[in-house]
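Note that the structure is a prediction, hence the values are computed from the model and not measured.
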Amino acid sequence: MKLSAEVNIGIGLPTTVPGATGDLLLEWARRADDGPFSSVAVLDRVAYDSYEPFAMLAAAAAATSRVRLATMIAIGPLRSTALLAKQAASVHGLSGGRLTLGLAVGARLDDFDVAGVEHKGRGKRLGEQLAYIRGNVDGDLVGPSRDGIEILVGGLSGPAYSRMARYADGYAHNGGPPRAFANAAARAIAAWSDLGRPGRPKLWGQGYFAFGDPDRGDAYLRDYYAFTGPFAEKIAAGQLTSARAVKDYVRGYEEAGCDELVLFPCVPGIDELERLQEALS
Amino acid sequence: MNVAIVGGGPAGLYLAILLSKLDRGVDVRVLERNEPDATFGFGVVFSEETLGALRDADPETHLEITDTFARWDRIDIRFQGREVSSRGHSFSAIARRRLLEILQERCRELGVTLEFGVEVEELPDADLVVGADGANSLVRRFGNFGTKVRPEGSKYVWFGTDHVFDAFTFAFREIEHGLFNAHAYPYDERMSTFIVECPEPVWRAAGLDRLDEQESLAFCEQLFANELRGRELYSNRSLWLDFPKITNTTWHSGNVVILGDAAHTAHFSIGSGTKLAIEDSISLAAALARRRWDLEAAFVDYELEREPYVERTQDAASESAAYFGRIASYSHLEPIQFAFNLITRSGRITHATLGVRDPQFTRALDGWLGGRPISPPPAFSPYELRGARFEKRFELVESSVAVSPEGRASPEEAVRPEGKLLLRLTHAGRRGATQPRSRGVDLPLADGWPVVAPTKRPYAPFGAIPGEPDEVAVLDAFVAAARAAAAEVLEIDMAHGYLLGSYLSPLTNDEDDRLRFPLRVLEAVRGAWEGPLAVRLSVTDWHPRGNTVDDGIAIARALADHGCDLIHVEAGQTIHDDRPQYRRGFLTALSDRVRNEARVPTLVGGYLTTLDEANTIVAAGRADLVLLDLPETQIERPLQPVTTVLLGEVRA
């Protein structure tokens with residue numbers, strides 16, 4: 001089956017959706033690999049009922065052979081630099097070089113609190129982590145090889161764009177209407193050009209969908225994004241609940257120059273994946 | 001369902017009308033603190049777009065409103081004793097008082113309860129409470145809106161006059177204390193709004209802080225006697241004010257929703273306040289209808305629909321406010337360029353869009369730039385710089401060369417000068433000895449060479465500790481490279497934290513006289529190179545402890561005094577963890593300030609991707625030369641990678 005869109009479509013694994021079992025997650029990865037999707041992606045949260053992103057991608061590496069495995073994004077500064085590099089390199093090696101490592105500073109204090117990591121200085125630490133992972137500054141001490149890991153950086157601040165352009169291969173946007181993506185993409189390209197990088201950054205976008213039970217999806221998003229205060233309800237309102245909405249969203253992102261659009265489920269159940277596949281065909 | 005609308009201004013009344021029409025069973029009350037005939041301000045402006053929305057939302061009032069409208073399509077700009085006019089700008093205005101009368105009447109007809117002289121001390125008892133009570137909203141106290149208020153722009157005062165202007169008029173008057181400007185437009189057949197504005201220091205120097213209402217009215221009347229044709233100004237509690245820019249992180253809280261100025265203000269100089277407020281009412285009423293009075297769902301719809309538009313308008317308004325704050329720096333421009341700069345100040349009108357509205361104006365502008373009555377667009381106008389003639393404004397092709405092997409950024413970089421139009425002489429300083437940029441930037445080489453800088457701190461994580469520069473050797477290398485260079489324009493790199501740039505910033509140089517060595521290099525290169533000489537400069541460090549734009553302008557002035565012909569405007573990268581502000585054309589505003597405040601020619605890039613941007617920048621005098629980033633086209637997308645190579649042929 002071929003997707004109608006020119007932008008690559010990836011699918012999120014429901015690692016943060018309440019009720020998703022280990023069996024479902026692996027089946028989801030397998031079905032995504034069989035289907036038309038070009039990547040499977042995970043979110044990252046510590047203080048929440050959710051699966052650890054690199055553990056999930058390691059399992060997905062074994063269950064798949066084709067799709068890229070992406071963190072969209074992982075909160076870099078929660079982890080020590082060398083361990084983050086090692087986790088990423090391990091998934092990369094186990095998957096035969098299919099890792100796309102999206103990193104950002106994270107937005108929630110509670111994740112830092114429970115991880116026992118200081119929230120302050122997270123931007124600086126992320127910069128160091130990127131320089132370490134991309135720059136091979138350890139002289140191959142911390143293997144396996146990190147060569148060929150595709151790195152994305154997310155975030156909407158000036159320093160985030162600058163870190164992206166300095167160290168990464170592309171930009172990971174945090175979702176929202178296509179015009180929000182287009183705006184961020186212009187900033188990402190401007191930063192890329194300002195840092196003198198040749199070519200153009202890869203542009204990854206994301207969105208949320210729930211076909212079967214939009215109310216449940218709505219409740220999940222409001223809960224997951226409760227830390228954003230008033231924005232949670234706007235994020236929930238942006239949930240894609242019909243084939244038509246998915247198609248419009250994909251078209252909007254395509255027009256905005258998106259290279260890879262990852263759609264994340266809000267309701268567990270393999271039928272959600274099937275319905276997304278239908279909507280895209 | 002009962003609704004309490006606090007604030008009987010245009011937005012509150014209009015919402016009351018729409019909600020009563022929406023559902024006859026709804027009980028709508030409007031609570032207004034003033035009496036029915038009290039009003040502040042004189043006229044309000046609408047655009048064509050808003051008129052269309054008014055027609056669709058309530059045809060009855062649309063008819064009455066447009067009957068009493070003053071309409072015009074011209075902007076007159078009076079500057080240095082000359083008047084420049086531009087047509088094709090459809091405006092309409094109405095007396096605020098008349099507008100309120102029409103809306104009040106319609107409210108009564110629809111059974112809306114209007115209560116005047118009511119101060120809202122506590123949250124009104126209603127299913128839905130609307131805060132339409134303006135910039136100083138009391139309703140905002142009843143919820144958690146995340147309100148921020150910051151003053152923006154200059155001092156201003158709002159008058160009326162019985163001189164009826166026949167165009168939107170911007171008038172400028174210079175006195176010994178500085179430059180004043182007026183914004184004037186007619187709003188009915190007898191009266192015009194007349195706003196006087198000046199930067200705070202000018203206001204203080206002119207002693208306006210010590211004058212009372214009548215005295216300051218007399219001052220303004222005399223200052224603008226020519227524009228007023230001897231007519232009077234009228235005061236309506238007309239006091240000098242600071243404009244408050246108001247933003248809220250959310251526009252609803254529980255059953256309370258805010259709109260208009262209570263939710264967001266936009267500087268008066270783009271005349272969008274009432275328009276935004278009424279459009280808010282229309283959007284909110286439509287959302288309530290669509291969501292069948294599910295308040296929370298309707299509030300989210302309303303915010304999602306209005307936010308992007310309001311944000312764009314507020315951004316444009318802030319640009320406009322800042323423009324009028326620095327107006328004096330444009331007094332050297334030719335009237336037609338001054339006028340175009342003014343018209344395009346907020347970024348909403350460009351050379352191309354003005355060309356559609358007023359082809360005669362752009363033809364005159366292009367003719368002035370091109371030196372012939374019929375000239376190509378501004379980006380294709382010729383330009384001369386120290387004997388070098390450019391056939392168009394985006395002709396420069398950048399190429400850079402390290403002045404010495406240790407001054408290279410990475411091993412691939414060329415050392416020999418090659419013939420290119422603009423040849424940049426660089427010394428990477430502590431940004432040297434790094435891996436190729438295709439992989440990343442500032443990633444140190446495993447086996448790099450020693451780097452130098454006036455600071456002991458590495459540039460980026462895992463970078464080498466810089467040694468002390470051998471200034472004599474560096475100076476000699478720049479001079480030798482300059483002598484060997486074959487180029488139309490030679491450029492010295494003092495930007496982005498490279499060696500000479502790191503001398504200029506307090507973030508990386510503790511020396512008192514930070515210009516000492518960069519100026520020595522400039523003078524020495526000037527002595528070795530006869531052609532046009534540019535300096536690439538980070539005009540701001542984008543860091544609280546670094547160089548500000550004002551510092552950058554002072555540096556640009558010093559560079560010009562020491563033989564620099566052209567400032568190539570850049571920003572940031574002085575240190576790796578700065579706080580850049582990236583967007584399309586992110587360097588344009590900086591170039592505008594350098595060119596017009598330091599009065600030195602500029603070259604600017606900053607992710608400019610269209611000829612329209614180049615035309616607008618050049619014609620408005622924001623830069624003399626531009627660098628375009630040519631984006632890949634949609635059609636060629638799968639085949640062609642993006643390039644930053646510039647149009648134009650290299651001339652021998």
Side-chain angles (χ1 to χ4, degrees), chain A residues 6 81 123-125 127-140 151 157-169 176-177 179-180 183-184 186-201 228-238 254-255 257 259, chain B residues 144-146 248-253 296-297 299-301 303-304 307-308 400 409 434-446 460-463 496 542 570-573 576-587 605-609 629 631-632 634 637-638 641-644:
Chain A
E6 296 215 357
T81 299
K124 184 166 179 275
R125 292 206 300 284
E128 286 163 7
Q129 294 178 324
L130 288 161
Y132 183 98
I133 293 169
R134 180 39 65 88
N136 284 337
V137 291
D138 59 336
D140 297 330
I151 299 179
S157 68
Y161 290 112
S162 163
R163 279 192 286 271
M164 185 284 298
R166 179 168 273 121
Y167 297 122
D169 300 297
R179 57 166 171 72
N183 185 321
R187 290 167 198 265
I189 298 170
W192 192 264
S193 145
D194 193 44
L195 268 296
R197 297 289 302 273
R200 201 190 82 143
T228 64
F231 298 105
E233 57 193 16
K234 290 182 195 166
I235 295 167
E254 195 170 57
E255 279 167 9
D259 295 301
Chain B
N144 209 345
F145 296 97
N248 288 278
T249 49
T250 180
W251 300 343
H252 70 274
S253 179
E296 202 187 319
F299 293 166
V300 171
D301 274 11
E303 278 190 49
L304 284 173
E307 247 174 8
S400 70
T434 57
Q435 301 174 30
R437 280 184 191 235
S438 51
R439 200 174 158 73
V441 183
D442 303 311
L443 298 167
L445 286 169
F462 310 105
H496 286 181
W542 271 334
E570 295 279 8
Q573 294 192 45
H576 89 285
D577 49 354
D578 56 1
R579 290 149 209 195
Q581 296 157 16
Y582 289 121
R583 61 172 181 275
R584 242 168 237 292
F586 63 93
L587 298 171
Y607 194 44
L608 302 171
T609 58
D629 260 294
E632 54 194 317
Q634 288 294 322
R637 185 173 161 190
V642 71
T643 67
T644 50

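- Annotation: the span from B:L304 atom CG to A:I235 atom CD1 amounts to 10.5 Å, rounded to 0.5 Å.
- Judged as a side chain to side chain contact (heavy atoms under 4.5 Å, CB included), and not counting sequence neighbours, B:T249 has no contacts.
- Put simply, of B:F462, B:W542, B:F299, B:F586, the one with the most heavy-atom pairs under 4.5 Å next to chain A is B:F462.
- In this structure a side-chain-to-backbone donor-acceptor pair under 3.5 Å is missing from B:R437 to A:P198.
- Rounding to the nearest 0.5 angstrom, the gap separating the OG1 atom in B:T250 from the NZ atom in A:K234 is 5.0 Å.
- Distance alone, capped at 3.5 Å, is enough to place a donor-acceptor pair between the A:R134 side chain and the B:R439 backbone.
- Put simply, of B:P308, B:A460, B:A571, the one with the most heavy-atom pairs under 4.5 Å next to chain A is B:P308.
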A:D194/B:Y607 under side chain to side chain contact (heavy atoms under 4.5 Å, CB included): CA gap, chis, key distance, verdict
CA-CA 8 Å; A:D194 193 44; B:Y607 194 44; over 6 Å; no

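- Distance check: A:E233 CD to B:E303 CD gives 7.0 Å after rounding to the nearest 0.5 Å.
- Using a 4.5 Å cut-off between heavy atoms, B:H496 contacts chain A through its side chain alone, with no backbone atom that close.
- Using a 4.5 Å cut-off between heavy atoms, B:Q581 does not touch chain A at all.
- Proximity to chain B is limited to the side chain of A:R179, based on heavy atoms less than 4.5 angstrom apart.
- For A:A191, the parts lying under 4.5 angstrom from a heavy atom of chain B are both the backbone and the side chain.
- Considering every non-hydrogen atom in both B:D629 and A:S193, the closest pair reads OD2-OG, 3.1 Å.
- Side chains of B:Q573 and A:L195 form a contact here, defined as non-hydrogen atoms less than 4.5 Å apart.
- Closest non-hydrogen pair, B:Q435 versus A:G135, comes out as NE2-O, 3.0 Å.
- Looking at heavy atoms from C-beta onward, B:F145 lies out of side-chain contact with A:P230 at the 4.5 angstrom threshold.
- Only the backbone of A:A165 comes within contact range of chain B, with at least one heavy atom under 4.5 Å from a heavy atom of that chain.
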Criterion salt bridge (Lys or Arg N to Asp or Glu O under 4.0 Å) on A:R166 and B:D442, from CA distance to verdict
CA-CA 7 Å; A:R166 179 168 273 121; B:D442 303 311; 2.7 Å; yes

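- If you measure heavy-atom distances from A:Y132 to chain B, the contacts under 4.5 Å come from both the backbone and the side chain.
- Taking A:A180, A:A237, A:S162 one by one and counting their heavy-atom pairs under 4.5 Å with chain B, the maximum is reached by A:S162.
- Listed here is the closest heavy atom pair of B:R584 and A:A186: NH2-CB, 4.0 Å.
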